[in-house]
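Below is one structure; the comments refer to it alone.
Every heavy atom of this structure was used, including side-chain atoms; hydrogens, water molecules and symmetry mates were not.
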Amino acid sequence: MLAGCGGGPGPQGIHKIKHVVIVMQENRSFDTYFGTYPGADGFPRNSSGQFTVCVPDPRRGVCDFPFHDPHPVNEGGPHGVGNFLYDLNGGRMDGFVGAAEAGVGCRTNSPNCSPCNVSQSLCTDVMGYHDAREIPNYWDYARHFVLQDHLFEPNHSWSLPQHLYMLSEWSARCTSPADPFSCRNQVQNPGLPPHFGSNHSSIPPSYSWTDLTYLLHRYGVSWAYYVYPGVEPDCPLGSMVCRPVYQSAQTPGIWNPLPYFTSVTQDNQLANIQSITNFYAQAREGKLPAVSWVIPTDAVSDHPPANIFAGQEYVTFLINTIMRSPEWRSTAIFLSWDDWGGFYDHVRPVSVDQNGFGFRVPGLIVSPYAKPGFIDHQIAGQDAYVKFIEDDFLSGQRLNPVTDGRPDPRPDVREAFPQTGNLASDFNFNQAPRPPLILPPLPSSVPQAPG
């Protein structure tokens, strides 16, 4: 490890964080979870408190306003690159309902699907929002720690490209596992798992560009990628309906792409991809690695139509486990949602390069050093998680083809952009470590999820 070592008075500043845990949930825009949070950049209102934004509904010929949705099961809308452009509508941010109505009508979690042909009411579902009545724990974390209200998805696409960015700052399609320069920029359709979407073969994809675990391994920084065994939220071959696709630490897929990275296999790091049960055990024992990614299963992912009560219960249990750990005093938890899932957001995303940013997503930072009750208005991408890890554990080394020792043809170095943001500003490393905030996994204000 490059930073925070040696004698002296102990680690200072960012190096007081010895454990970074990224908890990545699925498919929610900022407005759908925090659009009415006090002090945040939420839905615009007039002096009477009425919403002043609405989205055209082409099928019904009306304009749909945001509305409180008390239902824990939502449908969302299509959310590929084409749907992003439709929702964006040249920066007018008013295509969300029309995109849902234009999507393929189906009740699956494919990014190209929309449930509108099942029920017209499901088209306006994308304008619904939740608040402390449905997600009190997320709001409690915001009140006690840090809420980011200008955090953007790193790319304007769906879950797989985002998860590739989360791990490597790029999404590409490669023709050779041995040659990073065989990779070409591809934000919508990178190499797909076998028998998924347009990959009708049994041949797995090759992700031969450089990912963050390469640098972590090179510099002796411990890491683990924890997968919740269960079901992936996507259908193979682009089907409207499908049998459940099983996921585990041993099964590469949309939410577990690391086994397809050449650097992971060459460095013999596959064992670092583990079951979530190991995360709970290691947290309780005070044996977490320096960097952790925690990946849900479909039922607790918040990915429509997953029940958000179940997702909140799962996230709360994760955070409670960390807070009860001996390592709470040296941990930073970054909680976010991977893409907008077709749900409305009123803030036009910042353009960084040809791949992003995408729409705003919720971002929460939970740590004993997080500024209490702070709303971070700085523009940032989820790339900032990688930047924070590099600044904390790698002395600022970036995934930069010129300097990282493993060149590839990525279009740019995302962490170097000012729009990436600096999450260190959300911490006060001079404050005494704050105590845990243990919350009930199922708050009394939230009815228990059925089953």
Side-chain angles (χ1 to χ4, degrees), residues 20-26 154-155 157-174 176-178 180 182-183 186-187 190-194 196 199 203-234 245-279 282 288-298 301 334 336 338-339 382-383 385-386 389-390 393-394 399 404 406 408 410 414:
V20 169
V21 181
I22 297 172
V23 179
M24 189 59 64
Q25 293 292 97
E26 301 288 321
N155 63 80
S157 194
W158 60 292
S159 290
L160 175 57
Q162 189 279 349
H163 282 252
L164 295 176
Y165 262 87
M166 180 180 73
L167 296 164
S168 72
E169 296 296 283
W170 196 25
S171 174
R173 194 177 186 93
C174 311
S176 169
S182 72
C183 303
Q186 180 53 258
V187 76
L192 299 175
F196 183 93
N199 185 0
I203 301 174
S206 298
Y207 300 154
S208 47
W209 69 94
T210 305
D211 73 291
L212 183 60
T213 70
Y214 163 79
L215 286 177
L216 297 176
H217 175 69
R218 180 180 180 185
Y219 292 108
V221 180
S222 59
W223 67 270
Y225 189 90
Y226 300 96
V227 179
Y228 194 137
V231 175
E232 280 190 351
D234 297 279
V245 178
Y246 183 74
Q247 73 169 18
S248 72
Q250 289 73 44
T251 56
I254 297 303
W255 289 355
N256 182 19
L258 273 176
Y260 296 137
F261 275 93
T262 302
S263 58
V264 175
T265 56
Q266 286 181 341
D267 289 339
N268 299 311
Q269 295 291 287
L270 286 173
N272 288 16
I273 306 168
Q274 304 175 30
S275 170
I276 197 170
T277 56
N278 291 11
F279 174 85
Q282 291 163 15
L288 282 178
V291 179
S292 302
W293 292 273
V294 186
I295 305 302
T297 187
D298 182 31
S301 68
F334 298 120
S336 191
D338 71 344
D339 64 57
Q382 289 173 335
D383 316 272
Y385 298 155
V386 174
I389 291 166
E390 292 167 341
F393 301 112
L394 300 172
L399 281 167
D404 65 18
R406 194 176 184 275
D408 59 37
R410 65 185 58 221
R414 272 293 185 88

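Contact check for Tyr226 versus Gln282: side-chain heavy atoms found under the 4.5 Å cut-off. Side-chain contact between Ser263 and Thr210 is absent, with no heavy atoms from C-beta onward closer than 4.5 Å. At least one side-chain heavy atom of Ser275 sits under 4.5 Å from a side-chain heavy atom of Pro229. Side-chain contact between Glu232 and Asp298: absent, with no pair of heavy atoms (C-beta onward) separated by less than 4.5 Å. Looking only at side-chain heavy atoms (C-beta outward), Asp383 and Glu169 come within less than 4.5 Å of each other. Counting heavy atoms from C-beta on, the side chains of Gln25 and Pro296 come closer than 4.5 Å. Ser171 places none of its side-chain heavy atoms less than 4.5 Å from the side chain of Asn155. Counting only heavy atoms from C-beta outward, the side chains of Tyr214 and Leu399 never approach each other to under 4.5 Å.
Remark: Arg410 engages Asp408 in a salt bridge, criterion side-chain N to carboxylate O under 4.0 Å.
The line from CD1 of Ile273 to CG of Asn278 is 12.5 Å long, rounded to the nearest 0.5 Å. With values rounded to the nearest 0.5 angstrom, Trp223 atom CH2 is found 9.5 Å from Leu212 atom CG.
The backbone N or O of Ala290 lies less than 3.5 Å from a partner atom in the side chain of Ser222, making a donor-acceptor pair. A donor-acceptor contact shorter than 3.5 Å links the side chain of Gln269 to the backbone of Asp267.
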Q: Apply the test side-chain hydrogen bond (donor to acceptor under 3.5 Å, both in side chains) to residues Glu26 and Ser159: give CA-CA distance (whole Å), side-chain angles for both, the deciding distance (0.1 Å), then the verdict.
A: CA-CA 8 Å; Glu26 301 288 321; Ser159 290; 3.0 Å; yes
Q. Where do Thr262 and Arg406 land on the side chain to side chain contact (heavy atoms under 4.5 Å, CB included) test, with the steps shown first?
A. CA-CA 12 Å; Thr262 302; Arg406 194 176 184 275; 3.9 Å; yes
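Under the 30°/60° scheme for interplanar angles, the aromatic rings of Trp255 and His163 are found to lie parallel. Ring pair Tyr260/Tyr207 is perpendicular by interplanar angle, where above 60° counts as perpendicular and below 30° as parallel.
In this structure, a donor-acceptor pair under 3.5 Å is present between the side chains of Gln382 and Ser336. In the model, Ser206 has no side-chain atom that pairs as donor or acceptor with a side-chain atom of Ser208 under 3.5 Å.
The heavy-atom pair separating Pro154 from Gln162 by the smallest distance is CD-CG, 4.0 Å. A pairwise comparison of heavy atoms in Tyr246 and Gly230 identifies CD1-O, 3.1 Å as the closest pair. Across all their heavy atoms, Asn256 and Ala249 have their closest contact at ND2-O, 3.4 Å.
Under the side-chain hydrogen bond (donor to acceptor under 3.5 Å, both in side chains) criterion, Trp209 pairs with Ser168, not counting sequence neighbours.
Heavy atoms of other residues, nucleotides or ligands lying less than 6.0 angstrom from OH of Tyr228 number 12 at most.
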